[in-house]
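Both counts, for ligands and for their atoms, begin at 1 and track the order of listing.
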Amino acid sequence: MRVFGLIGYPLSHSFSVKYFAEKFSKENISNCVYQNFEIPSIDDFPLIISDNPDLWGLNVTIPYKEKVIPFLDELSLEAQNIGAVNTIQIIRNQGKVKLIGHNTDCYGFHQSLKPLLQANHHKALILGTGGAAKAVEYVLKNLGLEVLYVSRNPEKNNELNYSDLEGDVFKKFKVIVNSTPLGMYPNVDDCPDIPYELLEKDNLLYDLIYNPAETKFMLQGAKKGAAVQNGLAMLQLQAEKAWEIWNS
Ligand code: NAP
């Protein structure tokens with residue numbers, strides 16, 4: 001049996017267990033299981049590797065995407081540049097274990113975003129400055145967009161305050177990515193504090209949230225005729241990329 005899993009804390013609402021159970025069933029993969037490894041501290045990570053000799057790969061979620069890095073032997077170029085790991089490849093060879101960290105969030109975001117980009121999409125705002133936002137920034141910059149963050153507590157030159165988002169400044173940013181948890185179930189009436197009334201048909205609002213399928217952020221964009229996208233495709237694409245890495 002080949003074992004795969006997810007580390008994080010807490011893990012009660014994990015998408016991955018359900019996703020891989022359905023995948024294994026649909027594709028008649030009978031020699032694989034995917035399970036949660038809920039660890040209250042990242043210091044428990046080495047035990048998971050040593051206690052589970054059939055473990056072939058792991059996904060990593062909140063709050064360990066950055067904290068797991070010191071425990072790994074190598075990082076992919078993307079994981080290195082982003083500074084966060086959401087997929088670990090476990091290579092076992094004659095009793096030795098090699099752990100390679102990857103970031104497939106950026107693959108998922110890139111693949112799902114690219115078909116939506118229009119010729120006038122030169123500038124993007126990333127709402128929130130957490131781990132997911134770093135992968136988003138990496139992809140947007142690689143696609144040639146100019147990127148600014150919006151934060152409740154701006155500290156760097158490339159960070160704006162929500163109160164800075166007005167008139168001509170806001171209108172220049174045609175792509176807006178919600179990388180905050182605002183609007184996620186069960187708090188479905190929340191949304192980032194941006195001037196939705198200034199949105200236009202050529203805006204693209206991308207929400208990393210996938211539950212609910214249409215967030216208040218997306219709904220308000222759609223009302224103004226903007227293109228909107230939720231985070232489900234990104235989530236599925238990053239999972240499939242992880243599977244590809246584990247089987248490479
Ligand atoms: P996070 O670290 O918990 O939060 C991201 C940022 O959001 C924070 O750093 C903060 O930035 C801002 N924020 C947090 N609470 C806020 C509030 N009450 N009001 C305004 N801003 C707030 O989360 P994350 O891991 O980066 O993930 C962000 C979202 O992306 C989550 O909803 C997560 O589920 C989703 N996600 C989706 C996928 C996918 O595949 N679709 C992948 C990864 C993550 P400031 O302090 O600078 O304001």
Side-chain angles (χ1 to χ4, degrees), residues 6-20 42 58-69 78-79 82-87 101-114 116 124-140 147-165 176-196 205-218 220 228-243 245:
L6 173 69
I7 60 162
Y9 191 85
L11 287 179
S12 47
H13 298 297
S14 152
F15 148 93
S16 303
V17 166
K18 192 165 170 273
Y19 182 82
F20 280 103
I42 194 62
L58 284 168
N59 286 126
V60 185
T61 188
I62 296 172
Y64 300 135
K65 287 187 181 183
E66 293 163 14
K67 289 183 183 150
V68 77
I69 290 176
E78 282 101 352
I82 295 164
V85 162
N86 78 324
T87 300
H102 298 261
N103 188 305
T104 68
D105 281 338
C106 65
Y107 171 82
F109 182 63
H110 181 272
Q111 294 299 105
S112 53
L113 173 77
K114 214 168 166 211
L116 306 174
L125 288 176
I126 304 175
L127 313 179
T129 58
K134 285 186 183 174
V136 166
E137 179 191 14
Y138 177 79
V139 170
L140 289 169
V147 175
L148 284 184
Y149 280 102
V150 187
S151 171
R152 290 165 300 173
N153 304 298
E155 287 170 353
K156 299 181 187 153
N157 282 343
N158 64 346
E159 294 176 0
L160 299 174
N161 214 312
Y162 285 91
S163 57
D164 297 330
L165 302 180
I176 305 173
V177 183
N178 178 27
S179 303
T180 78
L182 289 171
M184 190 159 62
Y185 179 85
N187 302 313
V188 297
D189 291 329
D190 291 350
C191 62
D193 183 17
I194 62 169
Y196 295 95
L205 268 61
Y206 191 121
D207 202 329
L208 296 197
I209 292 171
Y210 53 91
N211 182 16
E214 188 174 48
T215 61
K216 193 168 172 190
F217 169 76
M218 291 166 60
Q220 297 195 79
V228 295
Q229 168 76 30
N230 69 23
L232 186 61
M234 172 178 170
L235 196 67
Q236 291 168 338
L237 285 159
Q238 65 77 26
E240 283 305 317
K241 189 68 179 174
W243 179 246
I245 289 169

Is a side-chain donor or acceptor of [X] paired with a backbone partner of [Y] at a separation under 3.5 angstrom?
| X | Y | result |
| --- | --- | --- |
| Lys65 | Asn86 | no |
| Asn230 | Tyr210 | no |
| Asn187 | Asp190 | no |
| Gln111 | Tyr107 | no |

_Heavy-atom check, side chain of Val177 versus side chain of Phe109, under 4.5 Å_ =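 Touching, per the 4.5 Å side-chain cut-off.
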*Report the relative orientation of the aromatic rings in Phe20 and Trp243; use parallel for angles under 30°, tilted for 30 to 60°, perpendicular for over 60°.*
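Ring orientation, 0 to 90° scale: tilted.
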_Sub-4.0 Å heavy-atom environment of ligand 1, residues by chain_ =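 Those residues closer than 4.0 Å to ligand 1 by some heavy atom are Ile62, Lys65, Asp105, Gly128, Thr129, Gly130, Gly131, Ala132, Ser151, Arg152, Ser179, Thr180, Pro181, Leu182, Met184, Leu208, Ile209, Gly231, Met234, Leu235.
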